[in-house]
Protein chains: 2
Amino acid sequence: MQENARFSGKAASRRTDIRRENERLILTAAEKVFAEAGYGGATMQLIADMAGLPKANLHYYFATKEDLYRRVVQEIFEIWLNAAASFDAASTPAEGIGAYIEAKMDISRRHPHGSKVWAAEVMQGAPVIQDYLENTLRDWTEDRARVIQGWIDAGQMAPVNPRHLLYMLWAMTQHYADFGHQIETLNGGAPLTDRQWQEATESVKTIILRGVGLD
Amino acid sequence: MQENARFSGKAASRRTDIRRENERLILTAAEKVFAEAGYGGATMQLIADMAGLPKANLHYYFATKEDLYRRVVQEIFEIWLNAAASFDAASTPAEGIGAYIEAKMDISRRHPHGSKVWAAEVMQGAPVIQDYLENTLRDWTEDRARVIQGWIDAGQMAPVNPRHLLYMLWAMTQHYADFGHQIETLNGGAPLTDRQWQEATESVKTIILRGVGLD
DNA sequence: TCGCATCCTGACCGTATGGTCAAGACCAAA
DNA sequence: TTTGGTCTTGACCATACGGTCAGGATGCGA
């Protein structure tokens with residue numbers, strides 16, 4: 001934020017590096033611990049141990065447990081919002097919906113912890129991110145619902161309720177992250193392989209696209 | 001368990017009544033509190049207050065917090081297993097899958113708390129019900145996957161991966177319970193009406209049935 | 001090298017939690 | 001009415017948790 005940054009050339013100052021590095025270390029550990037233990041079950045000590053830092057150091061970078069938690073939730077939310085690009089960039093419904101499914105499945109695979117933290121937050125009534133739901137997400141949803149309705153009106157896909165279609169897309173893609181442990185257990189105890197993830201993605205795409213008349 | 005029960009006629013003894021009544025009171029309160037706060041965030045005091053009993057009384061009926069929690073999780077699991085009847089009783093794929101969706105959507109509406117507790121438990125790696133996943137649920141899943149594969153082999157529905165189809169059914173139906181708060185927010189802050197629940201169920205059925213070639 | 005801001009951390013504190021217990025109330029059979 | 005089991009509950013305890021703080025280490029521009 002200071003002008004120093006502008007003069008420090010390509011490499012950030014050591015100080016800035018330390019800050020960024022430690023914040024990243026803490027956020028990564030926190031994401032995992034919050035996902036595996038829930039907000040109430042997570043302890044600052046556990047996060048500190050996983051990050052390899054003393055507990056007091058966490059409180060130097062994040063004033064309170066809730067601050068830290070809020071940052072974790074915000075991160076996954078932003079990742080999801082970015083996935084909307086796949087949706088918007090498309091010119092046909094099949095392309096848009098297909099690409100969105102692929103993007104969300106990919107996120108489920110690469111950010112299973114964040115997805116779980118978000119799910120738990122929403123399940124508990126969104127105590128800390130209610131404003132995101134009421135503003136950003138509501139707008140986002142209405143925009144996309146309108147796009148889908150446009151496709152329907154143009155006869156490009158079967159008439160389905162756009163909102164429920166979106167809910168289904170969220171449900172199915174996030175299920176592979178949130179219920180990953182259950183799926184893994186039903187898969188004989190082994191995580192899905194590359195091939196199995198591809199098969200899952202294809203299954204979702206096939207059924208949904210055909211389901212909305214886009215085969 | 002004693003022979004007394006057999007001689008006490010139609011009405012259970014006062015003692016038995018008290019026990020049953022209080023256990024039910026506690027389990028209902030616990031289901032709600034565990035759902036809204038998570039296992040770690042839930043406190044015995046909160047559950048006691050909601051049940052209208054002194055905390056010490058909870059420990060008389062349930063030795064530990066974990067015992068109480070386990071009972072709550074078991075209950076929703078059994079409710080879901082019973083929904084399988086709708087699946088099995090059917091003679092055609094459309095009937096079976098349709099009835100299963102309806103049954104699961106109905107459960108999502110009537111037991112949102114239990115669904116959330118189950119979701120949180122699985123998200124955290126199923127620390128207390130791993131054996132259910134590995135035995136009961138695994139068998140259940142394999143059985144149904146076989147039934148679906150049979151339908152496919154008989155040319156009664158499109159060839160899709162039965163497992164992923166089941167995951168999708170779970171994901172979509174449970175989403176309406178687990179993410180009910182998000183859906184409510186996107187619905188203008190109001191819970192879904194009877195009509196809207198029906199519309200949701202129809203949407204899911206329509207897309208899925210058409211998705212597996214059953215329209 | 002100096003001086004200052006940032007970073008680090010062991011020790012500490014107040015509080016809230018799960019769980020215990022002993023003493024009593026209630027109930028039903030004898 | 002007596003007796004023995006079931007149920008109830010306020011008071012209590014040990015522990016674990018989020019958060020604080022003072023004092024020291026480190027990095028960096030001047």
Side-chain angles (χ1 to χ4, degrees), chain A residues 1-27 29-30 33-34 36-72 127-128, chain B residues 1-27 29-30 33-34 36-72 127-128:
Chain A
M1 304 304 182
Q2 262 69 12
E3 303 206 64
N4 315 21
R6 287 210 249 143
F7 296 126
S8 63
K10 184 187 141 202
S13 83
R14 184 78 224 288
R15 284 271 164 77
T16 314
D17 269 3
I18 288 180
R19 176 150 226 123
R20 229 199 307 272
E21 213 170 294
N22 281 344
E23 282 186 358
R24 180 46 44 200
L25 223 51
I26 295 168
L27 281 169
V33 173
F34 281 132
E36 290 174 352
Y39 180 79
T43 71
M44 294 299 271
Q45 188 62 62
L46 223 64
I47 297 172
D49 291 348
M50 180 152 297
L53 297 171
K55 190 185 70 161
N57 210 348
L58 264 65
H59 282 102
Y60 174 74
Y61 289 105
F62 299 90
T64 67
K65 186 186 179 184
E66 194 180 317
D67 284 346
L68 177 52
Y69 174 74
R70 181 175 282 113
R71 280 281 302 272
V72 170
V128 323
Chain B
M1 308 301 182
Q2 261 69 9
E3 303 206 64
N4 316 19
R6 287 210 249 142
F7 296 126
S8 62
K10 184 187 139 199
S13 85
R14 185 75 224 288
R15 284 271 163 74
T16 314
D17 270 3
I18 288 180
R19 174 149 227 124
R20 227 198 309 270
E21 214 170 293
N22 282 345
E23 283 185 0
R24 181 45 45 198
L25 223 51
I26 295 168
L27 282 169
V33 172
F34 281 133
E36 290 174 352
Y39 179 80
T43 71
M44 293 300 270
Q45 188 62 62
L46 223 66
I47 297 171
D49 290 348
M50 180 152 296
L53 296 171
K55 192 186 69 162
N57 210 348
L58 264 65
H59 281 102
Y60 174 73
Y61 288 104
F62 299 90
T64 68
K65 186 185 179 184
E66 194 181 318
D67 282 347
L68 177 52
Y69 173 75
R70 181 176 282 114
R71 279 284 299 273
V72 170
V128 325

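All values below come from the heavy atoms of this structure, side chains included, with hydrogens, waters and symmetry mates left out. Reminder, nothing fancy here: chain letters follow the sequence lines and each chain counts from 1.
- Rounded to the nearest 0.5 angstrom, B/L27 CG and B/Y69 OH are separated by 14.0 Å.
- A straight line from NZ of B/K65 to P of C/dG18 spans 5 Å, rounded to a whole angstrom.
- Remark: A/A42, A/T43, A/M44 in residues 36-53 of chain A come within less than 4.0 Å of DNA chain D through at least one heavy atom.
- Remark: A/Y60 is not in phosphate contact with C/dC8, judged by side-chain N or O atoms under 4.0 Å from OP1 or OP2.
- Partners of B/Y61 according to the ring-ring contact (aromatic ring centres under 6.0 Å, His included) rule, which considers only residues two or more places apart in sequence or in another chain, do not exist here.
- For D/dT6, neither phosphate oxygen OP1 nor OP2 lies less than 4.0 angstrom from any side-chain nitrogen or oxygen of B/R19.
- Under 4.0 angstrom from either OP1 or OP2 of D/dT8 there lies at least one side-chain N or O belonging to B/Y61.
- Counting to the nearest Å, the P atom of D/dT6 and the CZ atom of B/R20 are 16 Å from each other.
- Considering only side-chain atoms of B/N22, the nucleotide from C/dC7, D/dT8, D/dG19 that sits closest is D/dT8.
- Relative to the ring axis of A/Y39, A/K65 places its NZ or CZ within 45° and under 6.0 Å from the centre.
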Under 3.5 Å, sequence neighbours excluded: what are the donor-acceptor pairs made by side chains of residues 42-55 of chain B?
residue	atom	partner	partner atom	Å
B/T43	OG1	B/L46	N	3.0
B/Q45	NE2	B/D49	OD1	3.1

For this session: Any chance you could list the contact pattern along nucleotides 10-15 of chain D? Use B for base contacts, S for sugar-phosphate-only contacts and - for none, protein heavy atoms under 4.0 Å, 5' to 3'.
Result: B-----
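- The interatomic distance linking B/F62 (CZ) with D/dT8 (P) rounds to 13 Å, in whole Å.
- Taking 4.5 Å as the limit, some side-chain heavy atom of B/R19 sits within range of a side-chain heavy atom of B/E23.
- Take A/R70 and apply the side-chain contact (heavy atoms from CB on, under 4.5 Å) test, not counting sequence neighbours, and it matches A/E66, A/D67, A/Q74, A/V128.
- The distance from atom CD of B/E66 to atom P of C/dT17 is 19 Å, rounded to the nearest whole Å.
- Counting to the nearest Å, the P atom of C/dT17 and the NE2 atom of B/H59 are 13 Å from each other.
- Considering only heavy atoms from C-beta on, B/L25 stays 4.5 Å or farther from B/E21 through its side chain.
- One distance of note links CD1 of A/I26 with CG of A/N22; it measures 6.0 Å at 0.5 Å rounding.
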Grab the N/O contacts between the protein and nucleotides 24-29 of chain D below 3.5 Å, and write none if there aren't any.
residue	atom	partner	partner atom	Å
D/dG27	OP1	A/R14	NH1	3.4
D/dG27	N3	A/R15	NH2	2.8
D/dC28	OP1	A/R14	N	3.1

